[in-house]
Amino acid sequence: MLEKMREIIAEQLNAEAESITEASSFKEDLGADSLDLFELVMALEEEYHVEIPSEDLANLSTVGDVMNYLKEKGVEG
Amino acid sequence: MKTTKIIGTGSCVPDRIVTNDELAGVVDTSDSWIQERTGICRRHISVKETTSELAAEAARAAVLDAGILPEDLGLIIAATSSADTVMPTVACRVQAALGNRSAVCFDLNAACSGFLYSLNVAHSMIKSGLCSTALVVGAENMSKTIDWTDRGTCVLFGDGAGACVLQASDDGWISTVSGADGLRGDVLTYAGNTLHNFLTAPLSGETPYMKMDGQAVFKFAVKTVPACINSLLEQAGCRKQDVRWYLLHQANERIISAAARRLGEPIEKFPINLNEYGNTSAASIPILLDEMNREGRLEQGDKIVLAGFGAGLTWGATLLTWQDDHRKMNGTKKGK
């Protein structure tokens, strides 16, 4: 899952794919603001066919958080 | 006459400008925070100007630009969600200000999609022969609908009005797509003056001001606008490369750039003036259209997409070709 996530995040946030790890924080390490995260959420929803409601976004601060969240939602990876 | 065309535009905004820095003294925010997330630098906020006064000024300018007389108007629609009074309507107040006594006048509320919805209705009424010339004015006093302690919404909006005159024509309006999804209405609400009678207690606890789920609205706009425009162009048999301008509702620069990316169209085709006015709801598209018209940026035959989206949830997009030939005849063509 990490490879695909890196690809999506790199494209959405204009970041270097190699620099993205599970520990990367969207705001601190990748410089994303709330609207960048909205766009990232949309890209993830479309890729993994899940819905990520507004209230869940607050708990997703790192790449690892999102991977765990998607796994809990039943996304295979 | 097979269709309709826009023959004149006008706009009016309040004199008082409120900068991001000034807002930073009202709520906990900053110029850079607002600019980075919205593209907005300042907005015009009414002090004394009513929605109807702004609407009437925009209407006067549009009638003048069209080279018609106010009494030629058979229909006046005011698109607004911030009417000064429920009765009489803004449209009737505009009619009075223009000195017209024969038009059908009513307000239409479809929030930020109101201008597109109103244009649809005016076009349809002209095409069905109910009138031949119509005025559509989008006018808002959004500053009166906002909770000025909510930094998530109060920085986004501004006041203003934009109008256009629509007339029966052989060329112009090509096609339209619009819709709504009331099931998702709770993501953007403005209760206003909630209703009650002597059998019920006044409704309490509910804020009368605007409330917004930013993420849900952002996602709605970024998904719906490109989808709506794609189906519009498909319906019209028009290729994207033939579209000269996309005039999107001026809510947020980040929404517009995300929509442009999804459409695969260059951002240069998406004119922006929200930096100056913020989100003026139903007034945003006609203000932008008027600015472009007055700057001479619209040329005969230009294919233009107008697209609005907003509370309801509602959306609408219209494809038209800009018709300038009548201006050469009446001598009102704008210089570059």
Side-chain angles (χ1 to χ4, degrees), chain A residues 1 4-17 19-20 24-75 77, chain B residues 20 28-40 150-153 155-156 181 183-189 211-228 230 248 250-264 267 272 274 278-279 309 313:
Chain A
M1 188 192 275
K4 188 73 200 167
M5 287 276 291
R6 273 181 168 157
E7 198 182 301
I8 295 171
I9 294 165
E11 191 191 327
Q12 290 297 324
L13 303 182
N14 266 333
E16 289 289 325
S19 70
I20 299 168
S24 300
S25 155
F26 293 113
K27 285 184 181 166
E28 274 102 65
D29 301 324
L30 301 170
D33 67 19
S34 54
L35 278 79
D36 291 321
L37 293 182
F38 296 169
E39 275 202 77
L40 178 61
V41 161
M42 290 172 63
L44 293 169
E45 287 178 334
E46 281 159 16
E47 175 67 29
Y48 295 109
H49 306 289
V50 293
E51 197 189 334
I52 307 173
S54 307
E55 52 270 28
D56 291 357
L57 192 60
N59 302 319
L60 306 176
S61 55
T62 67
V63 175
D65 290 343
V66 173
M67 289 173 62
N68 289 332
Y69 177 85
L70 290 173
K71 280 175 192 157
E72 278 168 31
K73 285 244 173 185
V75 172
Chain B
N20 290 345
D28 181 16
T29 190
S30 71
D31 179 44
S32 61
W33 193 95
I34 298 171
Q35 278 206 46
E36 281 164 22
R37 283 160 186 78
T38 68
I40 297 165
D150 176 10
R151 64 176 180 168
T153 55
V155 302
L156 303 176
D181 180 5
L183 289 172
R184 288 192 284 164
D186 58 356
V187 301
L188 182 52
T189 61
K211 281 191 297 187
M212 180 173 80
D213 175 344
Q215 184 192 334
V217 172
F218 183 89
K219 281 159 67 178
F220 153 70
V222 172
K223 279 183 192 174
T224 307
V225 173
C228 182
N230 278 329
L248 267 51
Q250 302 284 299
N252 185 318
E253 194 169 1
R254 300 273 292 270
I255 290 177
I256 294 173
S257 56
R261 258 200 314 281
R262 285 188 160 230
L263 278 167
I267 193 70
I272 281 175
L274 59 86
N279 178 349
F309 51 93
L313 299 171

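In the text below, chain A, chain B and the rest are named by the order of the sequence lines, each starting its count at 1.
Ion pairing of B:Arg37 with A:Asp36 is absent here, as no side-chain N (NZ or NE/NH1/NH2) approaches a carboxylate O to less than 4.0 Å. A:Glu39 has no carboxylate O lying under 4.0 Å from a charged side-chain N of B:Lys223, or vice versa, which leaves the two without a salt bridge. In summary, B:Arg261 and A:Glu11 do not engage in a salt bridge, as defined by a charged side-chain N under 4.0 Å from a carboxylate O.
Minimum interatomic distance between B:Ala216 and A:Ser54 (heavy atoms only, all atoms of both residues): N-OG, 4.0 Å.
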Review point. Side chain to side chain contact (heavy atoms under 4.5 Å, CB included) between B:Gln215 and A:Met42: does it pass, once the steps are laid out?
Key: CA-CA 10 Å; B:Gln215 184 192 334; A:Met42 290 172 63; over 6 Å; no
Review point. What's the verdict on side chain to side chain contact (heavy atoms under 4.5 Å, CB included) for A:Leu35 and B:Ile255, showing C-alpha distance, side-chain angles and the deciding distance?
Key: CA-CA 9 Å; A:Leu35 278 79; B:Ile255 290 177; 5.7 Å; no
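Proximity to chain B is limited to the side chain of A:Leu57, based on heavy atoms less than 4.5 angstrom apart.
The 12-atom threshold is exceeded at CZ of B:Arg262, counting heavy atoms of other residues, nucleotides or ligands nearer than 6.0 Å. The neighbour count for A:Lys27 NZ, taken as heavy atoms of other residues, nucleotides or ligands under 6.0 Å away, does not exceed 12. Heavy-atom neighbours of A:Glu28 CD from other residues, nucleotides or ligands within 6.0 Å: at or below the threshold of 12.
Within the model, atoms OG of A:Ser34 and CZ of B:Arg254 stand 7.5 Å from one another, a figure rounded to the nearest 0.5 Å.
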